[in-house]
Amino acid sequence: MSEPLAREFTEQAVRHLESDFLPKIEVCLERLSEAHVWWRPNERSNSVGNLLMHLAGNLRQWTVATLGGERDVRQRDLEFSQREPIPKEELLQRLRETVAEAAAVIRRLGEKELLDRYHVQIYAVSGLQAVFHVVEHFSYHTGQIILVTKQLENVDLAFYGDLESKKKRFEETA
């Protein structure tokens with residue numbers, strides 16, 4: 001791996017988190033009521049609220065704590081067991097702050113840090129694997145939030161409705 005390749009990888013990872021996935025979640029939360037944020041189809045499924053807590057927890061643990069050297073304060077079980085509603089604005093603010101912190105850590109990673117080995121949860125991973133994991137994981141749960149929003153609100157979220165504007169925004173952040 002070279003430094004230019006490391007820089008390209010980290011910038012693309014940050015772009016996905018900040019400019020693709022987080023804005024889609026924001027659009028969904030604008031549409032969802034507080035009740036819908038905590039709705040679940042059954043007890044074995046997560047609510048959007050739980051998914052927002054989970055995204056922030058996972059991102060913080062894998063990047064801010066593991067790659068950034070901060071203390072790991074994650075309470076993973078609470079991310080799924082929370083049933084008392086937390087306002088969606090509070091959840092969104094936590095997620096935005098975590099994405100910003102994680103992006104700052106990822107941007108600081110160079111070739112050495114991406115190739116170094118880290119321990120997170122029960123895994124031994126390279127920095128590259130850790131970044132790849134958080135981007136993939138964020139994408140996966142963003143898709144779930146989008147699906148729930150479409151089902152509950154019966155809307156086309158039109159993420160790709162204006163492809164020219166989307167292309168321009170994508171090129172500006174690339």
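Everything numeric in this text was worked out from a predicted model, so none of it was measured.
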Quiz item: Does the pair Glu18 and Arg107 meet the rule for a salt bridge (charged side-chain N to carboxylate O under 4.0 Å, His left out), with working shown?
Solution: CA-CA 12 Å; Glu18 290 182 329; Arg107 282 189 174 105; 3.0 Å; yes
Quiz item: Does Arg83 use its side chain to pair, donor to acceptor, with the backbone of Phe80 at less than 3.5 Å?
Solution: yes
Quiz item: Looking only at atom types and distance, does a side-chain atom of Thr149 sit under 3.5 Å from a main-chain N or O of Ile145, one as donor and one as acceptor?
Solution: yes
Exercise. May I ask you to say whether Arg60 pairs ionically with Glu70, meaning some side-chain N is under 4.0 Å from a carboxylate O?
Key: no
Practice problem: Would you tell me whether Gln75 and Glu79 have side-chain atoms, one donor and one acceptor, within less than 3.5 Å of each other? | Solution: no
Exercise. Say whether Leu95 and Val64 are linked into one hydrophobic cluster, either directly or through other cluster members, by side-chain heavy-atom distances under 4.5 angstrom.
Key: no
Quiz item: Ser47 side chain to Arg40 main-chain N or O, any donor-acceptor pair under 3.5 Å?
Solution: no
Quiz item: Does a side chain donor of either Asn50 or Gln82 reach within less than 3.5 Å of an acceptor in the other side chain?
Solution: no
Exercise. Drop me the distance from His137's NE2 to Thr142's OG1, to the nearest 0.5 angstrom.
Key: 10.0 Å
Quiz item: Taking side chain as C-beta onward, heavy atoms only, is Asn58 less than 4.5 Å from Phe138?
Solution: no
Quiz prompt | Hydrophobic cluster membership, Leu59 vs Tyr123, 4.5 Å side-chain cutoff | solution = yes
Quiz prompt | Centroid separation Phe21 to His16 less than 6.0 Å | solution = yes
Exercise. Return yes if some donor-acceptor pair links the side-chain N/O of Gln129 with the main-chain N/O of Ser126 below 3.5 Å, else return no.
Key: yes
Exercise. Identify the two heavy atoms, one from Val37 and one from Leu91, that lie closest to each other, and give their separation to 0.1 Å.
Key: CG1-CD1, 4.2 Å
Quiz prompt | From CA spacing to verdict: side chain to side chain contact (heavy atoms under 4.5 Å, CB included), Leu152, Val48 | solution = CA-CA 11 Å; Leu152 291 176; Val48 167; over 6 Å; no
Quiz prompt | Spacing of Glu153 atom CD and His36 atom NE2 [to the nearest 0.5 Å] | solution = 5.5 Å
Quiz prompt | Distance, nearest 0.5 Å, that separates CD of Glu30 from CG of Leu92 | solution = 9.0 Å
Exercise. Determine the minimum heavy-atom distance between Ala6 and Gly110, stating which atoms define it.
Key: CB-C, 4.0 Å
Quiz item: Would you call Glu136 and Ser139 a side-chain contact if the rule is heavy atoms closer than 4.5 Å?
Solution: no
Self-check item: Between Glu97 and Gln93, a side-chain donor and acceptor under 3.5 Å
Solution: yes
Quiz prompt | Non-hydrogen side-chain atoms of Leu67 and Trp62 separated by less than 4.5 Å | solution = no
Exercise. Report, as yes or no, whether the 6.0 Å neighbourhood of atom CZ on Arg71 holds more than 12 heavy atoms from other residues, nucleotides or ligands.
Key: no
Self-check item: Min side-chain heavy-atom separation Leu32-Trp39 under 4.5 Å
Solution: no
Quiz item: According to a 4.5 Å side-chain heavy-atom criterion applied to Ile, Leu, Val, Met, Phe, Trp and Tyr, with indirect links allowed, do Met53 and Val73 form part of one hydrophobic cluster?
Solution: no
Self-check item: Residues Lys88, Glu26: salt bridge by 4.0 Å N-O rule
Solution: no
Quiz item: Take atom CZ in Phe132; do more than 12 heavy atoms of anything else shown fall under 6.0 Å from it?
Solution: no
Quiz prompt | Single-linkage hydrophobic cluster, 4.5 Å side-chain cutoff, Leu55 and Leu78 together | solution = yes
Quiz item: Any side-chain heavy atom of His54 sitting closer than 4.5 Å to one from Asn46?
Solution: no
Quiz item: Is the closest side-chain heavy-atom distance between Gln144 and Leu51 below 4.5 Å?
Solution: yes
Quiz item: So which heavy atom on Thr98 is nearest to which on Ala56, and how close?
Solution: CG2-O, 3.4 Å
Quiz prompt | Shortest non-hydrogen contact from Tyr118 toward Glu113 | solution = OH-O, 3.0 Å
Quiz prompt | Check: Trp38 side chain, Ile86 main-chain N or O, donor-acceptor pair, under 3.5 Å | solution = yes
Quiz prompt | Glu111 backbone acceptor or donor facing Glu3 side chain under 3.5 Å | solution = yes
Quiz item: Does a side-chain N-to-carboxylate-O contact under 4.0 Å join Arg15 and Glu8?
Solution: no
Quiz item: Can you find a heavy atom in the side chain of Val155 that is under 4.5 Å from one in the side chain of Arg31?
Solution: yes
Exercise. Please assess Lys150 against Asn154 for the test side chain to side chain contact (heavy atoms under 4.5 Å, CB included), listing each intermediate value before the final yes or no.
Key: CA-CA 5 Å; Lys150 286 181 169 187; Asn154 190 26; over 6 Å; no
Self-check item: Polar contact flag, side-chain donor to acceptor under 3.5 angstrom, Arg7-Thr10
Solution: yes
Self-check item: Rounded distance [0.5 Å steps], NE2 in His119 versus CD in Gln121
Solution: 13.5 Å
Quiz item: Tell me, do Ile25 and Leu52 make a side-chain contact under 4.5 Å, heavy atoms counted?
Solution: yes
